[in-house]
Every structure is written in structure tokens, then in C-alpha cells.
Asker: 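I have a structure I would like to understand better, so I am pasting it below and will then ask my questions one at a time.
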Amino acid sequence: MTLEQMTNVNLLSRELGRFEQVHQAMLEQQPSEFVMRERFEEARALLLQKEETKEERQEEILKLYRINPALKHLSDILGNSEGLLYNEIEDNVVKAMKTVSSVNKTEVVDFSYDDEDLAKEKEAEVALAYVEYMEELLRDGNFQEAAIHAANSPNGFLRTQPTIEEFKSLSHGEGGTSPYFVYCSILMETVPLYSVPPDDQSYECVCAALKEDRSDLIAQWIANHYLTLSTPIAEELLSNCQCRARCDCESGTLALAVFRKIQDHEMSMHCLARQGALYRAVHYAKSHELGTDKLLRLLKDIPSTDLAALLVLEEGLTLGEVLTCLQDNHNDNIFINLLKVLDESNDLKAVLMSDTNPGAIPWEEFIDMCIQLGESDIAEELQGFVLCSEALRGAMHSLSTNE
């Protein structure tokens, strides 16, 4: 505050009144009876810092009083001005200011109170009180009211992962709905009023709904774009599927929807195959150029004769590499069934002749396996193919040598 401001009676009166209000508010402040959680330590530190700042400013004021007692005299006059007329106050100030002129203006410290600091302090107090009331509701077992209170916090300051963890840690008793699910469902209901929760909170909401067998809610949240979708959410939905053969559950359908939305093409193909939509799975792989390795991995994870045949006849994989994949994963039944299907459809010779690199395939092992499984006709077909391939390679080698 400058010397000119200190001679402005109206300004000084307002400042004095404001200091008195702040002081009274601090006296009336009740200490918290609750232990604050870690995320509110910063707010408490802010309040303590403001107290320290106020004490430092009071010390600066007292130092100025010691340097020039006229300032103290002027302050006392302003403090005792209640009930006086304006001209009487002005006369007293003028008299007091005659002794103030000796003060060096460079020693006058601006100790005006910052309105912004006061607003932040008040905001912190409100936040602490808000949290304390939520804690009180939780202790009383009023989980629904506590969840509504937290989800509708000012500016959503309690819509955080620590809040979810707090509700998650609570016991809900026998036969009741978990506080974890209660809060997550209300968090989702209030998304239109705030914002979509980040991926970690979205994942927790999905987990909470799955624990309560509420896949229908998850479907609504996905349709309404209330979730931040991610790979962990899709994997959690997929792991919730209990189908032993063809998947026809809602969890599997939701997992496919999430994988497609996050553009995980390999897992989208995988989910389609689990649902028995093999042609769609192979077509999806082809349209997204997933490549041979991912298709063979799919055959390894979800082995079937139909899928193996589609890979050979539709996707263009060689019979040798498909048979090798089945043999490596000990799918002997599918191995022999694939050869029988191709033989019965008169496609076996065509797919054998289309193999441009038969030398890299262990055909002799395949022939022995067919004999052991009682398929001598197919073994003879494979043996003829091997002999023709060897003769063709020998002829080509001779030609290249003569040249």
C-alpha cells in the first residue's frame, strides 16, 4: 500500500473491515475431525501457507510501527473512527499525517490482502468440508448418498481414481449391492453433466458391472459413448466369457465391439472366429491385410477343420504350412480331416500343385501320419506329389547345370 493510499480514509476503512472479516472467519473455522486422505494434503498445506503469509505480513506491519510510531498512531485513529463524521475523521488523519512525512517511501511494504488468495482459500475450505461429509456418509453406511455426493462434486473434483478405490475397499455386507458398483453406476449416469472418465476409471466401471453381472449396463455405456475404451476393457470382457465352444454370450459380443472401436484388428478377427463366424473372420483378416502369421496364430488358438480349409481354399495359404501348424500343435484329428475334406472335394491335387516351395515342408512325416491314422489313399496321394516334386526339382537342376 502506497503512502497516498494510506491517506485515503475510505480505502483504509474498507481494508480494515476486510481484515476483521478474514480474522473472524479464521476464528470460527472448526478443526476437521477426520483424517484427510493423501489427495487433499495439498489443500491443507495451502491453508497453512496462507496463515504463515498472514503472520509474516503482521510482522512487517509491526516493524513499520517500530520504525515510525506515526503509522501506529494513524492506524489507531482509523480503528477508533466508528461513529465519527467524515470531516472529523479527516481532521484527525491530517493531524496524524504531519508526523508521517518522515517515513521513507521505499520502506513501506505493500501488505494488501490478495482477493484471489482469499478465493482460493475459501475454495479449499469448501472442498475439505465436501470430502468430510462424504466420509461421514460412508461411515454411516449411506453408500448411495455418498456416491451421489461424490459424483456431483463441484467441478467434478472427486470424480477421480482414488474415490473409486475408496468405494472399492468398502464391504457391502451379505446379499447387498457393492458400494463399488453403486459409485461406478452413478459415475456413468452423470457423464452428460461432466465428462467421460479416463481409461483407468472406465476400466473400473466395467469391472464393477461385470462383478454384478450387469453386461446390459456396459452395452448402454458403450452405445452412449460414456467410456474411454481401451485394450484392458476389451480383454476383461473377453476373459468374462465362459463359453467352452462357440461363443454366444454378451461378454464376447461386447469384447468384439470394443476391439473393433479401438481398431485392434487381430483380436477382432479372433472374436469373430470364437463366435463361429469363420468366413467373416477370414474376410476381415484379408480386408485389413493381417498376413499369414496372424492367420496361422488364429488357427493355433482356435483350431478347426473348417478354418483350416478356409485358409487353404479362400485365403491362399499353402497346404504345407497349414498342415505344419496343425502338426506342431498336435491337432492330429483336424490334420487328417482337412486332407479328407480336400480329397472328397477333389481339391487336394490342385492345392498340392499350387505349393511353390514343397521342399521346405516335412511331407514324409505327413505321409507316415496318414498311414498311422489309416488313411492309406491320402498317403499315396501325398507320396505321388512328393515324387513328382522331386523329379521336377531334379529336372530343373539338370537344366541349370547344362546351361
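FYI, the numbering just counts along the sequence from 1.
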Asker: Of all heavy-atom pairs between D332 and L373, which one has the smallest distance, and what is that distance?
Answerer: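 Result for this residue pair: O-CD1, 4.2 Å.
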Asker: Would you say L296 and L317 make side-chain contact, with heavy atoms under 4.5 Å?
Answerer: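 With C-beta onward as the side chain, the pair touches.
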Asker: Would you check if the side chain of N142 reaches a backbone N or O of E145 as a donor-acceptor pair within less than 3.5 Å?
Answerer: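 A pair under 3.5 Å: no.
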Asker: Is there a donor-acceptor pair closer than 3.5 Å between any side-chain N or O of Y226 and the backbone N or O of Q220?
Answerer: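 Side chain of Y226 to backbone of Q220, a donor-acceptor pair under 3.5 Å: no, none is there.
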Asker: Within the distance-only criterion (no hydrogens, no angle test), does the side chain of N329 pair as donor or acceptor with the backbone N or O of C325 below 3.5 angstrom?
Answerer: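 Present.
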Asker: May I ask you to decide if R159's main-chain N or O and T163's side chain share a donor-acceptor pair within less than 3.5 Å?
Answerer: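 No, because the side chain of T163 does not come within donor-acceptor range (under 3.5 Å) of the backbone of R159.
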Asker: Does any non-hydrogen side-chain atom of P362 lie less than 4.5 Å from one of Q327?
Answerer: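 A side-chain contact under 4.5 Å exists here.
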Asker: Is D213 atom CG crowded by more than 12 heavy atoms from other residues, nucleotides or ligands, each under 6.0 Å away?
Answerer: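 Counting neighbours around CG of D213, 12 or fewer heavy atoms of other residues, nucleotides or ligands fall under 6.0 Å, so no.
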Asker: Say you draw a straight line from OG1 of T305 to CG of N331; how long is it, rounded to the nearest 0.5 Å?
Answerer: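 Answer for the OG1-CG pair, T305 versus N331, is 9.5 Å.
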Asker: Please assess L217 against F181 for the test side-chain contact (heavy atoms from CB on, under 4.5 Å), listing each intermediate value before the final yes or no.
Answerer: CA-CA 11 Å; L217 281 181; F181 173 70; 3.6 Å; yes
Asker: Quick one: CG on N333 to CG on L338, what's the gap to the nearest 0.5 Å?
Answerer: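 Taking CG in N333 and CG in L338, the distance rounds to 12.5 Å.
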Asker: Is there side-chain contact between F366 and L339, with heavy atoms separated by less than 4.5 Å?
Answerer: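 Contact flag for F366/L339 side chains = no.
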Asker: Do the non-hydrogen side-chain atoms of V196 and H225 ever get within less than 4.5 Å of each other?
Answerer: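 Counting from C-beta outward, V196 and H225 never come under 4.5 Å.
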Asker: Report the distance from atom OG of S178 to atom NZ of K211, rounding to the nearest 0.5 Å.
Answerer: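 Reported to 0.5 Å precision, the distance equals 8.5 Å.
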Asker: L238 vs F259, test: side-chain contact (heavy atoms from CB on, under 4.5 Å). Steps then yes/no.
Answerer: CA-CA 10 Å; L238 191 60; F259 279 127; 4.3 Å; yes
Asker: Less than 4.5 Å apart, side chain to side chain, heavy atoms only: is that true for Y203 and D199?
Answerer: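 SC-SC contact between Y203 and D199 ruled out.
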Asker: Classify the ring geometry of H283 against Y279: parallel below 30°, tilted from 30° to 60°, perpendicular beyond 60°.
Answerer: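 Plane angle under 30°, so parallel.
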Asker: Looking only at non-hydrogen atoms, find the nearest pair between A308 and L326 and report the distance.
Answerer: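 For A308 versus L326, the nearest heavy atoms are CB-CD1, 4.4 Å.
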Asker: Does the pair E314/K286 count as a salt bridge with the N-to-O cut at 4.0 Å?
Answerer: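 So E314 does not pair with K286 through a salt bridge.
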Asker: Ignoring hydrogens and geometry, is there a side-chain-to-backbone donor-acceptor pair from S202 to P197 under 3.5 Å?
Answerer: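 Confirmed, S202 side chain pairs with P197 backbone.
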Asker: Shortest non-hydrogen contact from I302 to L307?
Answerer: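 Looks like O-CD2, 3.4 Å.
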Asker: Pairs of donor and acceptor atoms involving the side chains of residues 147-156, under 3.5 Å and at least two apart or interchain, shall be tabulated with distances.
Answerer:
residue : atom : partner : partner atom : Å
H149    : NE2  : Y130    : O            : 3.0
N152    : ND2  : I148    : O            : 2.8
S153    : OG   : A150    : O            : 3.0
S153    : OG   : F157    : N            : 3.3
S153    : OG   : L158    : N            : 2.9

Asker: Could you report the tightest heavy-atom contact between L352 and W363, atom names first, then the distance?
Answerer: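 For L352 and W363, the tightest heavy-atom pair comes out as CD2-CH2, 3.6 Å.
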Asker: Any chance you could lay out the side-chain contact (heavy atoms from CB on, under 4.5 Å) test for L342 and K349, step after step, and finish with the verdict?
Answerer: CA-CA 9 Å; L342 294 175; K349 291 182 180 179; over 6 Å; no
Asker: Answer yes or no: is there a side-chain heavy-atom contact under 4.5 Å between Q383 and E364?
Answerer: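 Touching, per the 4.5 Å side-chain cut-off.
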Asker: Taking all atoms of both residues into account, what is the closest heavy-atom pair of I262 and S230, and its distance?
Answerer: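 Scanning both residues, the minimum pair turns out to be CD1-C, 3.9 Å.
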Asker: Just by modelled atom types, is the T318 backbone N or O under 3.5 Å from a matching donor or acceptor in the E321 side chain?
Answerer: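 Looks like yes, one N/O pair under 3.5 Å.
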Asker: How many angstroms lie between atom CG of L237 and atom CG of L256, to the nearest 0.5 angstrom?
Answerer: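 L237 atom CG to L256 atom CG measures 11.0 Å (nearest 0.5 Å).
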Asker: Return the CG to CG distance between L272 and L278, rounded to the nearest 0.5 Å.
Answerer: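 Reported value, rounded in 0.5 Å steps: 9.5 Å.
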Asker: Would you check if Y183 and K168 make a side-chain contact, meaning some heavy-atom pair closer than 4.5 Å?
Answerer: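 Y183 does not reach K168 side chain to side chain.
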Asker: Without hydrogens or angle criteria, can the side chains of S304 and D306 be said to hold a donor-acceptor pair below 3.5 Å?
Answerer: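 D306 and S304 do not have a side-chain donor-acceptor pair below 3.5 Å.
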Asker: Rounded to the nearest 0.5 Å, what separates atom CG in L311 from atom CG in L319?
Answerer: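 Between L311 CG and L319 CG, I get 11.5 Å after rounding to 0.5 Å.
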Asker: Might you work through the side-chain contact (heavy atoms from CB on, under 4.5 Å) test for C249 and Q242, ending with a clear yes or no?
Answerer: CA-CA 8 Å; C249 68; Q242 302 300 319; over 6 Å; no
Asker: If you compare all heavy atoms of L290 against all heavy atoms of E266, which two are closest, and at what distance to 0.1 Å?
Answerer: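 Looking at all heavy atoms of both residues, the closest pair is CD1-CA, 4.1 Å.
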Asker: Please enumerate all residues that pass side chain to side chain contact (heavy atoms under 4.5 Å, CB included) together with I371, with sequence neighbours excluded.
Answerer: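 Result, side chain to side chain contact (heavy atoms under 4.5 Å, CB included) vs I371: I367, A379.
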Asker: List for me each residue that meets side chain to side chain contact (heavy atoms under 4.5 Å, CB included) alongside S215, sequence neighbours excluded, and say none if there are none.
Answerer: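 Scan of S215 (side chain to side chain contact (heavy atoms under 4.5 Å, CB included), adjacent residues dropped) gives L210, E250, S251, L254.
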Asker: Can you tell if the side chain of Q144 reaches within under 4.5 Å of the side chain of I186, non-hydrogen atoms only?
Answerer: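 Yes. Closest side-chain heavy atoms under 4.5 Å.
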